[in-house]
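Because the structure is predicted, anything quoted here is derived from the model rather than measured. In what follows, chains are A, B, ... by sequence order, proteins preceding strands, each numbered from 1.
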Amino acid sequence: KKAFLGKGKFLLGVDRNGRIQRLSHNGNVLDVTQDYVWYEGHPGNNSEFEFRASGAYIFRPWHEKPHVAQPQGNPIVYKGPLVDEIHMNFGFNVSQVLRVYKDKPEAEIEWLVGPIPIGDHVGKEVVSRFNTQLDTKKTFYTDSNGRQLLKRERNFRPTWNLNVTEPIAGNYYPINSRIAMNDGKTFVTVLTDRSQGGSSLKDGQLEIMIHRRLLYDDAFGVGEALNEEAFGEGLVVRGKHWLQVSSSAEASAKNHRLRAQQAFMDAQISFTPTSLSFQEWK
Amino acid sequence: EGDVSKMREVVAVAQHHDAVTGTAKQAVTFDYQQRLSEGIQDCQEVIKYAYQNLMPTSKSSAAPPELIFCPLMNTTECPITETSTQLIDNVYNPLARPVSKYVRLPVTSPGFDVIAPNGQKIETQVIPIPKPVLLIPGRKSSATYELIFRADLPPIGFKSFFVIKNASVAERQLSKPSRMA
């Protein structure tokens with residue numbers, strides 16, 4: 001009962017590792033866990049159509065089962081009048097801040113990944129994954145075209161017979177601002193702060209790719225491996241996801257549409273130095 | 001002179017599929033970044049003029065007040081908030097409805113008052129910056145804390161918050177760490 005974040009209508013329960021365990025919004029309770037996993041990028045041999053490497057153009061995991069980044073150390077909790085947050089680290093150069101702002105109907109997850117280690121000469125693709133028990137019947141939603149949420153069905157295309165040869169990559173879709181799922185009673189949405197890729201590879205599960213570092217060109221024309229560096233190391237990326245839960249399609253739409261607008265057209269901050277007192281300045 | 005045309009042209013260039021999806025060669029990506037950065041800088045000039053028309057001039061100078069942006073906020077880095085004992089934080093809401101934004105400013109220590117335009121001190125909280133952020137390669141910042149406050153903003157409008165050092169509130173506004181286990 002003590003291990004929760006938030007004060008208002010949105011509460012977030014966490015386990016002893018500081019990870020999400022349960023959330024409650026307006027009395028709707030959802031058991032949900034979140035972890036970071038990574039796929040090994042296929043090294044390929046770049047023959048036409050077969051064994052092409054995972055790279056800038058294509059996502060192609062070598063194995064279907066990803067590795068899990070394990071929690072490390074003891075999470076630190078900060079609580080205060082405006083925000084509660086937990087700082088935690090995972091293996092594999094992944095860390096996150098899980099936070100709930102007062103009066104905001106969502107959990108904010110600020111992730112930081114990198115530099116992705118490649119000492120084992122294996123390219124890696126890191127994913128944030130949310131797990132629930134919702135019976136979503138193979139269905140999820142992404143806003144690939146940036147306008148509306150489009151229905152996606154696992155291992156299925158509405159206009160042709162799909163032969164699934166790559167169960168992971170074949171079910172990934174672009175995300176511009178959000179990915180969502182529901183079981184008709186509980187509506188779960190994860191919003192992103194940038195375009196990413198994602199899927200629902202099991203019922204009740206959502207995953208979003210957040211960083212990639214790959215060692216081979218995929219032979220689609222770019223001529224380079226997706227192995228960006230800065231300061232002599234792989235890139236470090238930092239961003240946010242917002243996790244929302246609602247009990248109706250209408251409430252869900254209201255929450256995620258307003259949040260997506262605010263993420264896309266966020267308030268702009270600038271500063272003015274002054275030696276005036278407040279009264280003089282006013 | 002500030003002009004939004006540069007940004008308009010750059011965004012047009014960056015609608016090439018290589019820029020949208022990240023499939024450009026690295027050198028081309030650097031070029032996209034440089035063009036976008038220049039476009040953003042020109043747009044900031046436009047915003048400066050708008051603010052300067054609305055802001056008071058200082059006693060000692062007839063020149064309009066300076067306006068500073070912090071493009072490295074994504075690494076929790078902002079030279080002016082890290083070195084100033086008082087400043088004005090302008091927060092502009094581009095949406096056509098009121099929004100509440102939790103502003104997070106990088107600072108080197110706790111102990112700041114934040115005064116809203118109506119003269120009321122507003123609630124603040126200070127939290128240490130996570131260690132992995134401090135260790136981001138290339139980060140050049142002495143900030144180790146974030147000052148947090150809530151800005152309730154009007155539609156398509158801005159509010160300016162007066163931020164001033166007050167060491168006497170440091171103890172009260174700093175959130176104490178506790179360990180999960």
Side-chain angles (χ1 to χ4, degrees), chain A residues 3 14-18 56-57 74-83 85-89 93 95-97 101-104 110 112 115 174 195 220-224 226 228 230-233 236 238-239 258 261-262 265-276 278-282, chain B residues 21-26 44 47 51 55-56 58-59 65-70 73-75 78 80-81 84 86-95 99-103 115 117 119 123-125 127-128 130 132-133 136-138 148-151 153 160 162 164 175-181:
Chain A
V14 296
D15 66 14
R16 66 177 57 201
N17 288 314
Y57 277 85
N74 203 342
I76 307 174
V77 185
Y78 297 96
K79 290 192 170 192
L82 301 178
V83 61
E85 57 185 52
I86 300 181
H87 300 184
M88 67 192 87
N89 299 318
N93 287 350
S95 65
Q96 76 169 23
V97 177
Y101 285 110
K102 184 181 172 185
D103 301 330
K104 293 287 185 186
E110 186 165 38
L112 188 147
S195 293
F220 271 89
V222 67
E224 294 173 359
L226 188 66
E228 295 172 279
F231 304 99
E233 299 181 87
V236 176
R238 189 186 189 194
L258 294 177
Q261 282 179 349
Q262 200 170 339
M265 294 181 75
D266 197 8
Q268 302 292 311
I269 295 176
S270 60
F271 303 96
T272 303
T274 183
S275 56
L276 303 176
F278 174 75
Q279 289 304 331
E280 289 171 324
W281 167 73
K282 192 182 179 198
Chain B
T21 60
T23 49
K25 286 180 181 290
Q26 191 65 53
Q44 288 175 348
I47 298 168
Y51 272 120
M55 286 184 177
S58 69
K59 280 179 178 174
E66 195 181 356
L67 201 72
I68 296 170
F69 293 88
C70 284
M73 285 289 225
N74 63 339
T75 56
C78 178
I80 184 170
T81 61
S84 302
Q86 67 177 54
L87 56 85
I88 295 157
D89 181 9
N90 310 296
V91 191
Y92 170 71
N93 170 27
L95 289 174
V99 300
S100 296
K101 177 182 174 64
Y102 283 93
V103 177
I115 306 172
E123 194 148 42
T124 55
Q125 186 178 344
I127 292 180
V133 176
I136 291 174
I148 304 161
F149 64 91
R150 175 174 153 155
L153 305 168
S160 292
F162 197 83
I164 185 166
S175 294
K176 305 292 185 295
S178 58
R179 295 279 179 179
M180 284 300 300

Max heavy-atom pairs within cutoff under 4.5 Å with chain B, candidates A/Glu233, A/Gln262, A/Gln279, goes to A/Gln262

Applying a strict 4.5 Å limit to non-hydrogen atoms, the region of B/Ala24 in contact with chain A is backbone

Minimal heavy-atom distance between B/Ser175 and A/Gly80, with the atoms involved, is OG-CA, 4.1 Å

Check your understanding: So do the side chains of A/Gln268 and B/Ile47 get within less than 4.5 Å of each other, counting heavy atoms only?
Key -> no

Cut-off 4.5 Å, heavy atoms of chain A, and the answer for B/Pro128 is both

Between A/Ser270 and B/Tyr51, the two heavy atoms sitting closest are OG-CE1, 3.7 Å

Exercise for the section: Could you tell me how the ring of A/Tyr101 sits relative to the ring of B/Tyr102: parallel (under 30°), tilted (30 to 60°) or perpendicular (over 60°)? Expected result: parallel

Under 4.5 Å to a heavy atom of chain A? For B/Leu153 that would be side chain

Q. Has the side chain of A/Lys104 got a donor or acceptor atom that lies under 3.5 Å from a matching backbone atom of B/Ser100?
A. yes

CZ of A/Phe220 to OG1 of B/Thr23, rounded to nearest 0.5 Å, is 11.0 Å

inquiry  = Under a 3.5 Å cutoff, is there a donor and acceptor pairing between the side chains of B/Asn90 and A/Thr272?
reply    = yes

In terms of heavy-atom pairs under 4.5 Å with chain B, the winner among A/Ile86, A/Thr274, A/Val236 is A/Thr274

CD (B/Gln125) and OH (A/Tyr78) are apart, to the nearest 0.5 Å, by 11.0 Å

Comparing A/Pro273, A/Ala56, A/Pro174 against chain B, the one with the most heavy-atom pairs below 4.5 Å turns out to be A/Pro273

When every non-hydrogen atom of A/Phe231 is compared with those of B/Gly138, the smallest separation belongs to CZ-CA, 3.3 Å

Looking only at B/Asp89, B/Leu87, B/Val99, B/Asn93, the option with the highest number of non-hydrogen pairs under 4.5 Å against chain A is B/Asp89

Applying a strict 4.5 Å limit to non-hydrogen atoms, the region of B/Leu67 in contact with chain A is both

Paired with B/Pro130, the side chain to side chain contact (heavy atoms under 4.5 Å, CB included) test is passed by just one of A/Val97, A/Asn89, A/Ile76, namely A/Val97

What one should report as the nearest heavy-atom pair of A/Ile269 and B/Val91 is CG1-CG1, 4.4 Å

Say whether, by atom type as modelled, one donor and one acceptor occur between the side chain of B/Gln26 and the main chain of A/Glu228 under 3.5 angstrom.
no

Looking only at B/Val133, B/Ile136, B/Thr124, the option with the highest number of non-hydrogen pairs under 4.5 Å against chain A is B/Val133

Taken to the nearest 0.5 Å, the spacing of B/Ile115 CD1 from A/Lys282 NZ works out to 10.5 Å

Close side-chain approach of A/Phe271 to B/Thr81, heavy-atom, < 4.5 Å:
yes

The interface call for A/Ser95 against chain B, heavy-atom contacts under 4.5 Å, is side chain

Q.
Checking the side chain of B/Arg179 only, and the main-chain atoms of A/Asn74 only, is there a donor and an acceptor separated by less than 3.5 Å?
A. yes

- For the pair B/Arg150 (side chain) and A/Leu82 (backbone), establish whether a donor and an acceptor sit closer than 3.5 Å, ignoring hydrogens and angles. no

Answer key: most heavy-atom pairs under 4.5 Å with chain A among B/Phe162, B/Tyr92, B/Phe149, B/Phe69 is B/Phe162

Turns out that what part of B/Lys25 lies under 4.5 Å from chain A's heavy atoms comes down to both

If you tally heavy-atom pairs under 4.5 Å between each of B/Ile80, B/Ile127, B/Ile164 and chain A, the highest tally belongs to B/Ile127

key: A/Arg238 side chain reached by B/Asn74 side chain, heavy atoms, under 4.5 Å   = no

* Are any non-hydrogen side-chain atoms of A/Trp281 and B/Ile88 less than 4.5 angstrom apart? -> yes

